[in-house]
*Asks:* 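Here it is: the structure, laid out below.
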Amino acid sequence: MTDIAEYERRIAFALERIGRQVGALQARAAGPAPAAAPGAPPPPSGLGEDADAAMLAAADEIHSLRAELEAERQANAQMSDRVRALREKQETTLSAMERRLVAAAQQAETAQAELDRLKRANLDLAQANRALIEAAGDAPQHLINSALQAEVETLRAARAIEAAELDQIIAALTPILSAHEKSGHAKQEADKDA
């Protein structure tokens, strides 16, 4: 309902402006004439009612086209603002993600270096235990058992590390394989449809 009232107000305003413009054109064409009171209907042009109606219709169409053009300009400006805001947000998000990726890569490198150091230490420990066992032929049994138990724990830790590495590899490959399978299924479906 408020839209209709707004349209009526705009139409009345446009008609009033058109009337003033037509009156001004007629006054220029006829020479000096007394000014019309604001809000008064324009005097006839003397060109005929059809010409007056055509002039009013043309003026009304020009006014509506100008209003549409201004609305489009405003919509374009708003869209440009939105695009600019989205671009800024995207750049901010991208730079934050890049910083996180760099930090994660550094952490992964540090973790890998520690993992490699642990593997070397485990191998060194296993070799040292073997050498102790072989060198200590007369050593007490409980010391040999302790050395063998330490070696077994070292081997278990090494296997746990290898299992974790395999889990990481599988986790990295799973999305790639899933995408490959989906594309393969899609291709098979396309081949069936063709």
Side-chain angles (χ1 to χ4, degrees), residues 1-112 167-194:
M1 203 62 164
T2 59
D3 290 336
I4 293 173
E6 177 64 21
Y7 289 133
E8 288 175 347
R9 184 191 67 76
R10 290 173 66 187
I11 290 170
F13 178 72
L15 288 174
E16 182 180 304
R17 281 184 56 205
I18 291 169
R20 284 190 299 240
Q21 293 293 331
V22 169
L25 287 173
Q26 289 173 351
R28 277 192 234 145
S45 67
L47 299 174
E49 288 182 24
D50 291 339
D52 287 342
M55 287 177 61
L56 286 173
D60 188 37
E61 184 176 354
I62 289 170
H63 177 72
S64 66
L65 290 173
R66 284 183 178 156
E68 288 178 26
L69 178 63
E70 184 58 31
E72 286 299 320
R73 284 181 180 157
Q74 289 176 356
N76 190 17
Q78 289 174 350
M79 188 64 69
S80 296
D81 290 342
R82 288 181 189 149
V83 167
R84 189 178 310 111
L86 284 173
R87 186 174 292 134
E88 289 171 2
K89 182 179 178 182
Q90 183 180 21
E91 288 173 0
T92 302
T93 304
L94 182 61
S95 63
M97 291 177 75
E98 286 174 347
R99 285 192 301 271
R100 280 193 232 160
L101 180 62
V102 167
Q106 289 172 346
Q107 289 174 348
E109 287 176 13
T110 302
Q112 186 63 43
D167 288 343
Q168 288 177 344
I169 292 169
I170 290 170
L173 289 177
T174 299
I176 296 169
L177 293 174
S178 295
H180 182 68
E181 286 178 8
K182 286 180 184 177
S183 67
H185 289 301
K187 185 177 178 183
Q188 288 176 355
E189 291 295 323
D191 290 343
K192 286 180 185 177
D193 292 339

*Asks:* Roughly how far, to the nearest 0.5 Å, is the CZ atom of Arg66 from the CZ atom of Arg73?
*Replies:* 10.5 Å
*Asks:* Can you tell me how far apart CD (Glu70) and CD (Gln74) are? Round to the nearest 0.5 Å.
*Replies:* 5.0 Å
*Asks:* With side chains defined as the heavy atoms from C-beta onward, is the minimum distance between Val102 and Glu98 less than 4.5 Å?
*Replies:* no
*Asks:* In terms of heavy-atom contacts, does CD of Glu61 have more than 12 from other residues, nucleotides or ligands at under 6.0 Å?
*Replies:* no
*Asks:* When you compare the side chain of Gln90 with that of Leu86, does any pair of heavy atoms fall below 4.5 Å?
*Replies:* no
*Asks:* To the nearest 0.5 Å, tell me how far Ile62 CD1 sits from Leu69 CG.
*Replies:* 13.0 Å
*Asks:* Among Ile170, Leu177, Ile176, which residue meets the side-chain contact (heavy atoms from CB on, under 4.5 Å) test with Thr174?
*Replies:* Ile170
*Asks:* Can you see which heavy atom on Asp81 is nearest to which on Arg84, and at what distance?
*Replies:* OD1-NH1, 2.8 Å
*Asks:* Rounded to the nearest 0.5 Å, what's the gap from NE2 on His63 to CD on Glu68? Could you check?
*Replies:* 10.5 Å
*Asks:* To the nearest 0.5 Å, what is the distance between CZ on Arg99 and CG on Leu94?
*Replies:* 10.0 Å
